[in-house]
Structure formats: C-alpha cells, structure tokens
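To find a chain, count down the sequence lines: A is the first, B the second, and so on, and within it residues start at 1. Values reported hereafter were calculated over all heavy atoms of this structure, with side chains retained and with hydrogens, waters and symmetry mates removed.
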Amino acid sequence: MESLKKNRDFQIVYKKGKSYANRYLVMYLLENKLNKNRIGISVSKKVGNSVVRHRIKRLIKESCRLKDRNFAQGYDIIIIARTTAKEKSYQQIESAITHLAKLHHIIVDPAEKK
RNA sequence: UGAGUAGGACAAAUGGUCACGGCUGCAGAAACGAAAGGCUGCAGGUGAGGAAAGUCCGGGCUUCAUAGGGCAGGAUGCCGGAUAACGUCCGGUAGAGGUGACUCUAAGGCAAGUGCAACAGAAAUAAACCGCCGGAUUUUUCCGGUAAGGGUGGAAAGGCAGUGUAAAGGACUACCGCUUUUCUGGUAACAGAAAGGGCAGAUGUAAACCCCAUUCGAAGCAAGACCGAACAGAAAGCGAUACGGCUGCCCGUCGUGCUUUCGGGUAGGUUGCUAAAAUGGAUUGGUAACAAUUCAUUUAGAUAGAUGACCAUUCUGUAUAAAAAUACAGACAGAACCCGGCUUAUGUUCCUGCUCACAAA
RNA sequence: CGAGGUGUGGCUCAGUUUGGUAGAGCGCUACGUUCGGGACGUAGAAGUCGCGUGUUCGAAUCACGUCACCUCGA
C-alpha cells in the first residue's frame with residue numbers, strides 16, 4: 001500500500017476532498033485515477049512527544065493495512081489524529097477508522113468485490 | 001531497625017500468527033536497461049537508548065579562506081596529571097558547610113588606572129556632629145589638638161592588652177593579623193621556620209570597565225563528490241521552405257523551427273553511510289583518570305523516514321481476598337554523519353562500601 | 001543543523017542598558033453623584049517579577065543552569 005508523501009498531495013486532498021470526523025480521528029477522502037488506495041497520516045505536535053505520535057501513526061497504519069481489503073479502491077485517504085487519540089488502544093483506533101469509513105461509504109464486502 | 005552518604009548494574013522474559021526496512025543467498029520472467037542492475041517471490045539472519053532528548057562544550061570528517069605577524073572580538077582562569085580535544089575527568093592545595101561518612105567552590109589581579117557604593121550617618125575615601133583636652137574670650141562663642149568613647153551603616157582606616165600623653169594616636173612594646181625577603185620540604189599550588197618592614201600607598205566591588213596569562217580562521221552531512229529528465233544559454237549545420245517583423249512586393253536580415261555538439265544545472269538518483277580514538281575479557285604500568293600488550297566479537301543505517309499489531313504463558317507491583325483467582329499497572333523516552341563529555345527526564349528496580357542514632361548480644 | 005526573542009497584578013505592556021522606590025492603562029471593590037443605570041469624581045485591593053543556584057551589603061535588573069512558548073534561516 002502506497003502512502004502520500006508530498007505536501008502538494010496533502011493540499012490537493014484537503015482542498016478538493018470530503019471530510020468526516022469522530023472523537024479520535026478526522027478522515028479526508030478524494031478519488032484518484034489509480035486502481036488502488038493511497039493513504040496519508042498526519043499527527044500534530046500538539047498530540048504528544050515523538051514516541052506518542054509515532055505510536056499513533058503505527059496503529060493507524062496497521063489497522064488500515066488489515067482493513068484495506070474491505071475498502072473500495074481508487075481513493076486518496078488522509079487520516080488526522082486528534083489530541084484525544086493519545087494513549088488509546090489498537091481496538092479503539094480500529095473501530096474509529098471503521099466508523100469513518102462507513103460514513104464515507106467505502107466499505108465493500110471483499111467477496112462481493114470479486 | 002531508622003536516617004543519611006558515595007558508587008555501580010539493569011531498563012521485564014519466552015513462544016506463536018500477520019506485517020515493515022536494510023543485508024545475504026536462491027529462483028523467476030510479459031514489460032525497463034547496452035550491461036551492472038532494478039523488479040517479483042521464497043528462505044536465512046538482522047533492526048533504538050541510558051539518556052537515542054536538550055544542543056551547552058570539545059574533536060574527527062568535508063568544503064572555503066589563509067606568506068608571516070598584529071589589532072579587535074570570544075572563551076578559559078589555584079597546582080600537577082590524563083586525553084585526539086574540552087568549559088570534561090583524576091589526584092592534590094586553600095577556603096566554606098556538615099556530629100560524621102562526605103560534599104561544594106567562575107579559587108588570577110582593586111599593593112596599575114578608571115568607575116560605582118541608594119537610605120542612614122557629622123563624614124563613604126574624604127573626614128570633627130556629640131564627646132575629650134589646651135588656649136583665647138569670659139554668662140557664651142571662637143581657634144587649635146585628638147579617632148579612646150557615642151550613634152549610623154554591609155563597610156568608619158589593623159585587633160587586643162599595656163606604656164605614654166594636656167587629651168590622644170603603631171607614637172612605642174608583647175601576642176595575633178597583613179606583607180617583603182631568605183631558608184627547609186614539595187614537580188607545583190602551598191606548608192613550616194627565621195629576619196626585616198610598614199600598617200595615612202592599605203574599605204568593598206573585576207558574575208563593573210579593565211589588566212595579566214593561556215587559547216580560538218569560518219561554516220556545517222540539507223557539508224561535500226558524481227550522474228542527471230526539464231529548462232535558460234552558446235556554437236555549428238539543415239533550407240530556397242512554413243510563419244511573423246523591417247515592408248505593399250522581391251532580395252537581404254532577425255526571431256520562431258529541426259539535428260548535432262558544448263557547457264551550466266533544477267526535479268530526481270547514487271555516494272558520503274557506518275570496522276571504529278569500537279565493544280568485551282585478561283595481563284602489565286600508574287594512588288587514580290588512563291595507557292600499553294594480547295585474545296575474542298562484528299554490532300541499525302531509514303530518507304516524510306522501517307524497528308509494529310494481536311494472542312498466550314511467566315515475572316514484579318497495587319487493589320479485593322484466608323488462599324486460589326480476578327482486575328489494573330510495568331517509568332522516562334525513538335537513531336538520522338560519527339565519537340568524547342556536560343545537563344535534564346525517569347523506576348515504592350537490584351547490588352555494594354561507608355557514616356550517625358537507637359536496641360540486643 | 002544553526003540563529004534570535006519573550007516570560008512582571010485578572011488582561012495588555014513599561015521598568016532590565018546605568019543593581020537600592022515595582023509602575024501605567026483597561027478591568028475589580030467601596031463610597032459619592034442619579035428616580036435608576038451609564039459616564040464622571042474620590043478612595044482602595046490585587047505581584048513567588050517562569051524556576052533554581054550563585055555574585056553583591058543589597059538582584060525584576062548581573063552570571064550560570066533549567067523549563068515553557070514564539071519567530072527566523074538552510
């Protein structure tokens with residue numbers, strides 16, 4: 001799974017994409033013309049120190065990796081961690097992502113996709 | 001047992017499933033490349049710290065500058081040693097704190113110059129307010145001497161005792177202090193002793209300017225080196241031909257065009273990049289910091305940034321509890337060129353030496 | 001990786017250069033004025049000067065260390 005790297009990519013999604021949010025995370029979504037999903041993760045310095053931020057990034061990355069086969073393909077996704085996401089467990093982060101994905105209507109049954 | 005003091009160690013452990021980044025090996029092939037390679041898959045092995053942090057010092061390395069010297073500016077500042085170097089470390093001296101183990105000290109020079117010292121006080125670096133003494137005048141005031149006493153202040157011109165004097169005063173004497181010279185011990189800081197000197201040159205302040213001694217070129221791996229799409233540019237060639245300008249037409253010329261070469265170099269890529277002042281053990285030298293010799297080991301290299309998630313068992317702690325068991329918790333914190341230090345954060349963790357108090361033998 | 005700045009009543013800022021008294025405006029409290037409120041007048045309260053150690057007789061000010069925040073350059 002590829003990731004968004006350049007600031008330009010992020011700015012395009014912020015300007016043209018749609019967003020939903022819940023208690024822990026914010027999710028931006030924009031269609032790209034590719035056949036796969038690209039993901040960008042942003043954690044502000046206000047959330048915590050380097051260890052805390054890095055751990056949140058890993059948790060988001062891991063749950064996206066495991067959930068990717070349930071997602072519709074062809075989107076640029078940006079996930080922003082809010083300060084409340086600090087010190088949260090893997091299950092809480094994963095359920096937050098699933099909730100946001102449902103709001104965006106990108107959940108697809110993998111069997112149906114084939 | 002309690003309180004303290006100095007030093008050291010560790011940074012929960014094991015297994016399974018699914019992922020990620022380097023490295024090594026093997027295999028694959030439709031597409032990339034002249035090739036090396038890259039790509040895909042599989043296997044093996046490997047992948048955060050004691051502070052990786054703050055960026056406060058020092059060095060390696062790299063580029064630039066530099067004949068040599070000085071000024072300016074910065075840093076350091078008892079002595080000796082260690083070191084690649086340091087503002088670090090070790091050992092000592094002196095001073096300060098503590099009953100003690102022990103700890104702390106920007107610890108050169110106001111006996112070179114300049115500056116500053118509010119308020120109080122008569123007076124703050126220059127001195128007579130009160131007082132004391134003498135003289136004049138005689139109800140009182142003036143002149144002179146005087147720092148023993150008073151009060152102010154952080155500080156009032158060495159301290160204290162005596163001699164002396166009109167009253168006083170290092171004016172003189174003893175002891176102590178300060179300071180100079182010499183001798184002895186020590187590499188030295190310094191310590192001890194003797195002799196001399198003055199104490200109207202002698203208050204404090206240099207984390208006030210400054211003086212003295214030592215020392216420092218500047219910038220940083222986003223340094224630097226190599227390759228290099230795009231693109232600005234230069235040169236040569238291709239024309240009787242496409243367009244536009246000078247011009248209505250022709251010639252000519254300029255620009256746009258195509259090809260080749262040159263050179264600069266952006267995006268990007270490669271390198272720098274991790275085997276080193278390395279780590280561990282032993283021996284020798286040294287009080288020690290450390291050094292030498294020898295043996296063994298190979299130990300992250302990402303590039304928007306890998307080192308993760310879940311499950312099970314065990315360990316430690318807390319709560320409930322007779323126990324079993326259950327629940328919760330397991331700190332501070334994340335490499336980014338590399339080392340040596342300093343500083344800060346951190347656990348009811350573990351170990352050792354020493355001190356004091358109390359009790360018992 | 002490198003450079004610089006800020007921290008003072010509830011808020012916004014002086015004072016730091018050249019060390020001795022912490023001050024201004026807004027806000028707050030009380031009283032007066034008004035039928036009542038505002039405005040106005042008078043009086044008053046409110047400060048670990050980010051924190052620690054030191055230098056000094058004396059520190060918001062000087063030195064060192066440290067914490068937090070902000071800005072800039074590559």
Heavy-atom closest pair, residues A:Ala21 and A:Arg82: CB-NH1, 4.3 Å
Atom of A:Met27, atom of A:Ile97 and distance for their closest heavy-atom approach: CE-O, 4.1 Å
Pick one for [N]: is it syn, with its angle within 90° of 0, or anti?
N       : result
B:rG38  : anti
B:rU279 : anti
B:rG37  : anti
B:rA48  : syn
B:rG92  : anti

Please report the distance separating the [atom1] of [N] from the corresponding atom of [M], rounded so that it comes out in whole Å.
N       : M       : atom1 : answer
B:rG164 : B:rG109 : C1'   : 42 Å
B:rG58  : B:rG25  : C1'   : 45 Å
B:rC90  : B:rC71  : C1'   : 39 Å
B:rA331 : B:rC79  : C1'   : 45 Å
B:rG228 : B:rU271 : C1'   : 14 Å
C:rC1   : B:rA223 : C1'   : 10 Å
B:rA123 : B:rU152 : P     : 15 Å
B:rG98  : B:rA128 : C1'   : 48 Å

For [N], give the paired nucleotide (Watson-Crick: N1-N3 plus N6-O4 or O6-N4; G-U: N1-O2 and O6-N3; both under 3.5 Å), or none.
N       : value
B:rG265 : none
B:rG2   : B:rC356
B:rA240 : none
B:rA324 : none
B:rA82  : B:rU88
B:rA12  : B:rU314
B:rU173 : B:rA161
B:rU181 : B:rA194

Phosphate-side-chain proximity, A:His54 and B:rA306, N/O vs OP1/OP2 below 4.0 Å: yes
Side-chain donor/acceptor of A:Arg55 to base of B:rG334, under 3.5 Å: no
Whole Å only: how far is the [atom1] atom of [X] from the [atom2] atom of [N]?
X       : N       : atom1 : atom2 : answer
A:Gln91 : B:rA309 : CD    : C1'   : 10 Å
A:Leu59 : B:rU307 : CG    : C1'   : 15 Å
A:Arg58 : B:rA48  : CZ    : P     : 11 Å
A:Lys57 : B:rA309 : NZ    : P     : 14 Å
A:Ile60 : B:rA306 : CD1   : P     : 13 Å
A:Arg53 : B:rA333 : CZ    : C1'   : 12 Å
A:Tyr90 : B:rU17  : OH    : C1'   : 13 Å
A:Ile97 : B:rA309 : CD1   : P     : 14 Å

pair A:Ile80-A:Tyr28: side-chain heavy atoms closer than 4.5 Å: yes
Heavy-atom side-chain contact between A:Tyr24 and A:Ile56 under 4.5 Å: no
Shortest side-chain distance from A:Arg65, nucleotide among B:rG334, B:rA19, B:rA306: B:rA19
A:Thr98, A:Ile79, A:Leu59 screened by side-chain contact (heavy atoms from CB on, under 4.5 Å) with A:Ile93, the one that passes: A:Leu59
Residue of the set A:Ile39, A:Leu30, A:Leu29 for which side-chain contact (heavy atoms from CB on, under 4.5 Å) holds with A:Tyr75: A:Leu29
Worked verdict on A:Asn22 versus A:Leu103 for side chain to side chain contact (heavy atoms under 4.5 Å, CB included): CA-CA 10 Å; A:Asn22 62 14; A:Leu103 290 176; 5.9 Å; no
Given RNA chain B, 5'-ward residue of the pair A:Val52 and A:Glu62, judged by closest heavy atom: A:Glu62
